[in-house]
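A short worksheet on the structure shown next.
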Amino acid sequence: MPVKKKRKSSGQAGDESGLKKCKISSYCRSPASNKVISGEEHFSSKKCLAWFYEYAGDDEIVGPEGMEKFCEDIGVEPENIIMLVLAWKLEAESMGFFTKEEWLKGMTSLQCDGTEKVQSKFDFLRSQLNDISTFKNIYRYAFDFARDKDQRSLDIDTAKSMLALLLGRTWPLFSVFYQYLEQSKYKVINKDQWYNVLEFSRTVHADLSNYDEDGAWPVLLDEFVEWQKDRQAS
């Protein structure tokens, strides 16, 4: 399953393990032309607010149960909605969808006041993930989105889960890198390491033949290459 961590929100009670799995990252705002809605379907802030309260608790925060219901209502598995929410958060100026203010800001930006309108945005949001520059912004934002706000690094389990979501289907070496992380000494991944993993995945061949040992790669990746070459030689 994806990341299961607490979101630091004041006033939110109870187990929040389900909240993180319904979250994700951001990038640059899309053109206004992508948000055009037909005349009879104008966005209604009143309707949007009423929609928010279908999922919010007494503390006016959409918690784990509310997010799971939201995922179910829009027809997206929690592990898949993470990628969409990362896109949403960029679309909504890096705001989340959990407090009333965040929900209204995000949904107003998307011009969504109900389930069908959110569903109509899926193709557009998914298309953003295929844009190299946009995906880079999403990937970078995911680091700050997923880490505990009082920490400067990602714990290794969170990092592995986020990497699986972001790179698991596109990077040929991902499964090998995941195995490396599982047996490595590393307990956290810092921002520089996180950024360089994406660059590595885009520029280094699957057989590691073009890896420059004298390059400015972080030690984490030097050690991964050494580990993998030792495996191949054995």
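Heavy-atom basis, side chains included; hydrogens, waters and symmetry copies ignored. We count residues from 1, following the sequence as given.
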Exercise. Any chance you could lay out the side-chain contact (heavy atoms from CB on, under 4.5 Å) test for V118 and L110, step after step, and finish with the verdict?
Key: CA-CA 8 Å; V118 167; L110 287 174; over 6 Å; no
Quiz item: Run the side-chain contact (heavy atoms from CB on, under 4.5 Å) check on N190 and Q193 step by step: do they pass?
Solution: CA-CA 5 Å; N190 63 38; Q193 292 166 337; 3.2 Å; yes
Quiz prompt | Intermediate values then yes/no, side-chain contact (heavy atoms from CB on, under 4.5 Å), I189 and T158 | solution = CA-CA 9 Å; I189 286 185; T158 300; over 6 Å; no
Self-check item: side-chain contact (heavy atoms from CB on, under 4.5 Å) between F174 and V197, intermediate numbers included
Solution: CA-CA 10 Å; F174 173 74; V197 168; over 6 Å; no
Quiz item: Passes ring-ring contact (aromatic ring centres under 6.0 Å, His included), W103 versus F70? Steps please.
Solution: CA-CA 12 Å; W103 176 284; F70 177 70; 5.5 Å; yes
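Side-chain contact between Y178 and L167 is absent, with no heavy-atom pair separated by less than 4.5 Å. Using a 4.5 Å cut-off on side-chain heavy atoms (C-beta onward), V204 and W171 make no contact. You'll find the side chain of L220 stays beyond 4.5 Å of the side chain of E223, heavy atoms only. A heavy-atom distance below 4.5 Å is not found between the side chains of T203 and N210.
Under the 4.5 Å side-chain heavy-atom criterion for Ile, Leu, Val, Met, Phe, Trp and Tyr, Y195 and V219 are members of the same hydrophobic cluster.
Using the six-membered ring where Trp is involved, Y55 and W51 have ring planes that are perpendicular, over 60° apart on the 30 and 60° scheme. Ring geometry for F200 against W217 counts as perpendicular: the plane angle is over 60°, on a 0 to 90° scale with 30° as the lower cut. Aromatic ring pairs are classed by plane angle as parallel below 30°, tilted from 30° to 60° and perpendicular above 60°; the pair F143 and W194 is tilted.
In this structure, E60 and F52 approach most closely via the heavy-atom pair O-CZ, 3.4 Å. Residues T170 and P172 approach most closely at O-CD, 3.3 Å, considering heavy atoms. Closest non-hydrogen pair, H42 versus D113, comes out as O-OD2, 3.8 Å. The two residues F177 and L163 come nearest to each other via the heavy atoms CE2-CD1, 4.0 Å. Q119 and D73 make their closest contact through NE2-O, 3.9 Å (heavy atoms, listed as atom of the first residue, atom of the second, distance). Residues L104 and C48 share a closest heavy-atom pair of CD2-SG, 3.9 Å.
Q179 CD: more than 12 foreign heavy atoms inside a 6.0 Å radius. Other residues, nucleotides and ligands place more than 12 heavy atoms under 6.0 Å from the CD atom of Q183. The number of heavy atoms from other shown groups lying within 6.0 Å of CG (D58) does not exceed 12. Other residues, nucleotides and ligands contribute only 12 or fewer heavy atoms inside 6.0 Å of the NZ atom of K136.
For the side chain to side chain donor-acceptor pair (under 3.5 Å) test, residues two or more places apart in sequence or in another chain that qualify with Q228 are R231. Contacts of V188 classified as side chain to side chain contact (heavy atoms under 4.5 Å, CB included), with partners at least two apart in sequence or in another chain: S153.
To the nearest 0.5 Å, atom CD of residue Q111 and atom NZ of residue K121 are 7.5 Å apart. From K160, atom NZ reaches atom CG of D157 across 5.0 Å, with rounding to the nearest 0.5 Å. The OG atom of S234 sits 9.0 Å away from the CD atom of Q232 when rounded to the nearest 0.5 Å. Here the straight-line distance linking atom CD1 of I132 with atom CZ of F135 works out to 10.5 Å at 0.5 Å rounding. Expressed to the nearest 0.5 Å, how far CD of E54 lies from CG of L49 amounts to 11.0 Å. Between D148 atom CG and D155 atom CG the span is 7.0 Å, to the nearest 0.5 Å.
Among residues at least two apart or in separate chains, salt bridge (Lys or Arg N to Asp or Glu O under 4.0 Å) pairs with a member in residues 199-222 are E213-K229.
Under 4.0 Å is where a charged nitrogen must lie from a carboxylate oxygen, and between K191 and D144 at least one such pair does.
D131 places a side-chain N or O within 3.5 Å of a backbone atom of T134 that can act as its donor or acceptor partner.
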